[in-house]
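The first residue of the sequence shown is numbered 1, and numbering continues consecutively from there.
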Amino acid sequence: MTATAQLLPFPGSPPCPIDSIAVRVFREDRGGLRLRFELLGEVQHVLVPATCAPRAADGLWAHTCCEAFVATPGRPAYREFNFSPSGEWAIYDFDAYRQRSAPGIAPAAPMIVSHLETGRLVLDATLDATALPQGSPLELGLTTVVETLDGTLSYWALRHPGERPDFHLRDAFTLPLARP
């Protein structure tokens, strides 16, 4: 199963060198997901974090970062995944809107591969099935933060239901995804 979605910049955002962001969602054979974020535009004006050894890191959303919010319909709990072009990642669990869960067993780390080309930044993130919330179907909120060379941030999402950019709003989890 494959789905494609277009992210939209937050209304009233400052000008951004990125013209469009598409996300393709691939269902892996064993129930995992592969997310391909493709940023098109003047990527030479985007601050892309330098590649480093894959590791968990906080604060990735303060720079160029792709994200996925995954939930089960009808339940307030959700999981947030952050994927940096650097190879760093973060996974956060929430019991409800912005209410962090007590630490539990850490899910499997995502595999992140990114590459920069003329006019294009591509980030692939692969999630093991065990890292996804249990239940069927799933609801996804797909987002990207773009940082320009001067430090300006723009916020892209499937939907912006709030007065400010807020990727945690459940009304932004608009991509349904059936279990295989």
message: So Thr143 and Trp156, do their side chains get closer than 4.5 Å, heavy atoms only?
response: no
- prompt: Quick one: are Pro110 and Ile91 in side-chain contact, heavy atoms under 4.5 Å?
  reply: yes
Heavy atoms from other residues, nucleotides or ligands near CD of Glu117 exceed 12 (cutoff 6.0 Å): yes
task: Check whether any side-chain heavy atom of Val25 lies under 4.5 Å from a side-chain heavy atom of Leu140, and answer yes or no.
output: yes
message: In the structure I gave you, are the side-chain heavy atoms of Pro49 and Glu147 within less than 4.5 Å of one another anywhere?
response: no
- line: So CG of Leu121 and SG of Cys66: to nearest 0.5 Å the spacing works out to 7.0 Å
query: So, the side chain of Thr64 versus the backbone of Val146: is there a donor-acceptor pair under 3.5 Å, distance only?
result: no
query: Do Val43 and Ile112 share a hydrophobic cluster (ILVMFWY, side-chain heavy atoms under 4.5 Å, transitive)?
result: yes
query: Ion pair present between Asp124 and Arg34, side-chain N to carboxylate O less than 4.0 angstrom?
result: yes
task: Decide yes or no on side-chain contact (heavy atoms from CB on, under 4.5 Å) for Leu158 and Leu7, but give the supporting numbers first.
output: CA-CA 5 Å; Leu158 293 170; Leu7 302 188; 3.7 Å; yes
- prompt: Would you say the side-chain atoms of Arg79 pair up with the backbone N or O of Ala131, donor to acceptor, closer than 3.5 Å?
  reply: yes
message: Between His168 and Tyr78 (judged by ring centroids, cut-off 6.0 Å), do the two rings come close enough to count as a pair?
response: yes
- request: Please tell me if the side chains of Pro137 and Pro73 come closer than 4.5 Å, counting only heavy atoms from C-beta onward.
  value: yes
task: Determine whether Tyr92 and Phe81 make a side-chain contact, defined as any pair of heavy atoms from C-beta on separated by less than 4.5 Å.
output: no
query: Does some side-chain heavy atom of Phe26 sit less than 4.5 Å from a side-chain heavy atom of Arg36?
result: yes
task: Check the angle between the aromatic planes of His160 and Phe167 and answer parallel, tilted or perpendicular using the 30° and 60° thresholds.
output: tilted
message: Has Arg159 got a side-chain atom pairing as donor or acceptor with Asp171's backbone, closer than 3.5 angstrom?
response: yes
query: Is any NZ, NE, NH1 or NH2 atom of the basic residue among Arg170 and Glu139 found under 4.0 Å from an Asp or Glu carboxylate oxygen of the other?
result: yes
message: Is there a side-chain contact between Val122 and His115 in this structure, where contact means two heavy atoms from C-beta onward sitting under 4.5 Å apart?
response: yes
task: Before accepting this row, confirm whether a basic side-chain N of the pair Asp166/Arg98 lies closer than 4.0 Å to the acidic partner's carboxylate O.
output: yes
